[in-house]
Amino acid sequence: MKILVFILASTLFVSCSIVGQSNVETAPYILITADKGQNIEVRHYPEMVLVSTTMNGQNGYKAFRKLFAYIAGDNAGATEIAMTAPVLMDDKNMARAGAEIAMTAPVLMKKSANNSSMSFVMPKDFTLQTTPKPMDPTLSVSELEDYHVAAIQFSGTMSDSNLEKNRIMLTTWLVENGYTAIGEPVRASYNGPFTLPMLRRNELLIEVASPSPN
């Protein structure tokens, strides 16, 4: 399955406050199991419709601006749509006005030396057929199905030390509970850049082979 990542851009959650509140829709999932003591969940995302653009030779902000323009109306459809999260980045390559689209959370991120792309997740009521066609030829629409991940939630910043600490906790938990990791860790942020670090909801996600341990 594709390796997905979500990258936080400074303008993503413009409705967020410094205390972490947001009216941005969150991508729905089915909870498989939860370890509340370690803030770990195993989730199943049945399907997500993605609008994507490559990041080859450009920074994340430029890719984000293209996707934001799409949900703001640079698409064919003339139907108002809310923007959702996560924003996805696929490190293996995953201007006429039209429909205005909204956004959900979280934003996911992954570093790689390979080619990469960034994606916005469409609201849950959108299908591959009903998602407006992008007017920008560098954007594409696709669908991700049957995505199982283990996620660990933490606050603070996305510093290397914080990420590494939580990566070790999550990978240890997977081994101890019989899960097989089949993807690289990805980062997810649910808050805007002005949210106080201690009130942020961050996550590290790892794709797993199945929804239940062997």
Side-chain angles (χ1 to χ4, degrees), residues 1-16 22 24-28 45-147 149 158 183-193 205 207:
M1 185 180 289
K2 298 176 182 178
I3 300 175
L4 296 176
V5 299
F6 305 85
I7 188 166
L8 177 62
S10 61
T11 57
L12 175 59
F13 297 117
V14 292
S15 58
C16 290
S22 172
V24 173
E25 179 185 345
T26 301
Y45 292 89
E47 56 189 14
M48 290 188 285
V49 176
L50 313 177
V51 177
S52 310
T53 186
T54 62
M55 293 185 62
N56 304 339
Q58 61 183 327
N59 58 39
Y61 180 65
K62 185 175 181 180
F64 183 90
R65 285 196 305 170
K66 287 185 178 183
L67 292 167
F68 195 86
Y70 167 81
I71 66 164
D74 190 19
N75 61 76
T79 303
E80 185 174 347
I81 310 168
M83 183 174 175
T84 63
V87 173
L88 307 176
M89 202 181 341
D90 180 353
D91 288 317
K92 296 288 186 181
N93 273 332
M94 331 176 18
R96 288 184 293 169
E100 183 176 336
I101 307 171
M103 182 173 183
T104 61
V107 175
L108 306 181
M109 297 157 273
K110 182 176 183 297
K111 294 181 180 179
S112 174
N114 299 318
N115 294 335
S116 61
S117 67
M118 183 185 291
S119 306
F120 278 6
V121 180
M122 295 296 97
K124 61 183 179 181
D125 56 336
F126 277 74
T127 67
L128 194 61
Q129 292 71 34
T130 62
T131 299
K133 180 181 178 180
M135 304 306 297
D136 186 335
T138 66
L139 303 185
S140 62
V141 179
S142 62
E143 186 175 33
L144 175 67
E145 297 181 294
D146 202 29
Y147 186 50
V149 298
M158 289 284 196
E184 295 298 320
V186 300
R187 293 168 284 162
S189 177
Y190 288 75
N191 308 107
L205 283 66
E207 187 176 3

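No hydrogens, no waters, no symmetry mates; every other heavy atom, side chains included, goes into these values. For clarity, every value in this text was computed on a predicted model and none was experimentally measured.
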Asks: Among Ile71, Val141, Thr130, whose side chain to side chain contact (heavy atoms under 4.5 Å, CB included) with Met122 holds?
Replies: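 Running side chain to side chain contact (heavy atoms under 4.5 Å, CB included) over Ile71, Val141, Thr130 with Met122 returns exactly one hit, Ile71.
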Asks: Looking at every non-hydrogen atom in both residues, tell me the closest pair between Phe120 and Phe68 and how far apart they are.
Replies: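 Residues Phe120 and Phe68, closest heavy atoms: CE2-N, 3.7 Å.
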Asks: Do you know the tightest heavy-atom contact between Thr131 and Thr127?
Replies: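 Between these two residues, the closest heavy atoms are OG1-O, 2.7 Å.
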Asks: Mind checking the CG-CG spacing from Asp74 to Leu67? Nearest 0.5 Å is all I need.
Replies: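 Output value for this atom pair is 10.5 Å.
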Asks: To the nearest 0.5 angstrom, please state how far the CG atom of Asn75 sits from the CG atom of Leu139.
Replies: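 Here the interatomic distance stands at 9.5 Å.
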Asks: Contact between Val149 and Tyr45 at the side-chain level, heavy atoms closer than 4.5 Å - yes or no?
Replies: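 In contact.
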Asks: Measure the spacing between NZ of Lys66 and OG1 of Thr53 and express it to the nearest 0.5 Å.
Replies: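 OG1 of Thr53 is found 4.5 Å from NZ of Lys66.
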Asks: Between Pro134 and Val51, which heavy-atom pair has the shortest distance, and what is it?
Replies: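 Closest heavy-atom pair between Pro134 and Val51: CG-CG1, 4.4 Å.
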Asks: May I ask you to decide if Pro132's main-chain N or O and Tyr70's side chain share a donor-acceptor pair within less than 3.5 Å?
Replies: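 Yes; judged by distance alone, with no hydrogens or angles, the pair exists.
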Asks: Do you know which two heavy atoms are closest between Ala27 and Met48, and how far apart they sit?
Replies: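 Where Ala27 meets Met48 most closely, the heavy atoms are CB-SD, 4.5 Å.
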Asks: For Pro28, what residues pass the side-chain contact (heavy atoms from CB on, under 4.5 Å) criterion, not counting sequence neighbours?
Replies: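 If we apply the side-chain contact (heavy atoms from CB on, under 4.5 Å) test to Pro28, skipping adjacent residues, the hits are Lys124.
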